[in-house]
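Worksheet: the structure to be examined is printed underneath.
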Amino acid sequence: MDAPQRTLILVKPDAMQRGLAGELITRFERRGLRIVGMKLMQIDDALARRHYAEHEGKPFFAGLVAYITSAPVVAAVLEGPAAVVVVRNTIGVTNPAEAAPGTIRGDFGLERGRNLVHASDSPESGTREVGLFFRPEEIVSWARDTDRWIFE
């Protein structure tokens, strides 16, 4: 079995407002990913700016920050083999109008600016983003050799 990889997802304000958090998390678990960190939180302006730093200066940056800070989100760390690719395939392409049926965005989304969930786009982004949203002591791991959860 491949070594586990970690990635961050954010159940965005539109999904929270529509009551879809449980459905979205369930889809990741059904894919075989393990939740190793999760919390309901309100993202403040400073964290939003750090999270979206690569988009600073682009015309849509202010809108991204305003949107992600507009309501609570569920932040989760998912772990599993090829977790980044598995999560991205599960959510579908950024524009819900182009997302395949069976993906989260294809099944529940209608517009690009309200696309339900954020997911890290690479293992490196996953590591950076997990570090932005979670302290090490907020993450657990499954110890395969002892079949139990451990805190890091």
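A quick note: this is a predicted structure, and the numbers were derived from the prediction, not measured.
Annotation: the span from Ile43 atom CD1 to Ile68 atom CD1 amounts to 4.5 Å, rounded to 0.5 Å. Here the OH atom belonging to Tyr52 is positioned 10.0 Å from the CG atom belonging to Leu47, to the nearest 0.5 angstrom.
Closest heavy-atom contact between Arg88 and Ala119: NH1-O, 2.8 Å. When all heavy atoms of Ala48 and Val65 are compared, the closest pair comes out as CB-CG1, 4.0 Å.
Screening residues 13-40 for ring-ring contact (aromatic ring centres under 6.0 Å, His included), with sequence neighbours left out, gives no hits. Sequence neighbours left out, the pairs with a member in residues 58-81 that pass ring-ring contact (aromatic ring centres under 6.0 Å, His included) are His55-Phe60. Legend: ring-ring contact (aromatic ring centres under 6.0 Å, His included) pairs involving residues 4-25, not counting sequence neighbours: none detected. Listed by first and then second residue, the salt bridge (Lys or Arg N to Asp or Glu O under 4.0 Å) pairs that reach into residues 121-136 are Glu54-Arg128, Arg135-Glu137, Arg135-Glu138, sequence neighbours excluded.
No continuous path of hydrophobic side-chain contacts links Val85 to Ile104 [ILVMFWY only; heavy atoms under 4.5 Å]. One hydrophobic cluster holds both Met41 and Val77 under the rule that ILVMFWY side chains link at heavy-atom gaps under 4.5 Å. In this structure, Leu110 is not a member of the same hydrophobic cluster as Phe108, with clusters built from ILVMFWY side-chain heavy atoms closer than 4.5 Å. Hydrophobic clustering (ILVMFWY, side-chain heavy atoms < 4.5 Å, transitive): Leu10 and Val130 are in one cluster.
Counting heavy atoms from C-beta on, the side chains of Arg6 and Ile139 come closer than 4.5 Å. Within the 4.5 Å cutoff, side-chain heavy atoms of Ile9 are placed close to those of Val87. With contacts defined as side-chain heavy-atom distances shorter than 4.5 Å, the pair Asn115/Pro96 qualifies. By the 4.5 Å heavy-atom criterion applied to side chains, Glu29 and Ile35 are counted as neighbours. In this structure, the side chains of Val74 and Met16 come closer than 4.5 Å at one or more pairs of heavy atoms.
Under the salt bridge (charged side-chain N to carboxylate O under 4.0 Å, His left out) criterion, Glu111 pairs with no residue at all, not counting sequence neighbours. Here Arg30 pairs with nothing under the salt bridge (charged side-chain N to carboxylate O under 4.0 Å, His left out) rule; sequence neighbours left out. In this structure, the side-chain contact (heavy atoms from CB on, under 4.5 Å) partners of Ala99, at least two apart in sequence or on a different chain, are Val93, Thr103, Arg105. Taking His51 as the reference, His118, Phe133 meet the ring pair (Phe, Tyr, Trp, His ring centres under 6.0 Å) condition, with sequence neighbours excluded. By the side-chain contact (heavy atoms from CB on, under 4.5 Å) test, Gln42 pairs with Pro72, sequence neighbours left out. For Arg31, the side-chain hydrogen bond (donor to acceptor under 3.5 Å, both in side chains) criterion is met by Thr90, not counting sequence neighbours. For Arg27, the salt bridge (charged side-chain N to carboxylate O under 4.0 Å, His left out) test picks out Glu23, Asp107, with sequence neighbours left out. Not counting sequence neighbours, the partners of Ala15 by the side-chain contact (heavy atoms from CB on, under 4.5 Å) test are Val11, Leu20, Leu24, Leu116.
Salt bridge annotation for Asp45-Arg49: present, with a cationic side-chain nitrogen under 4.0 angstrom from a carboxylate oxygen.
Around CG of Leu40, the count of heavy atoms belonging to other residues, nucleotides or ligands within 6.0 Å exceeds 12.
At least one donor-acceptor pair closer than 3.5 Å links the side chain of Gln5 to the backbone N or O of Val84.
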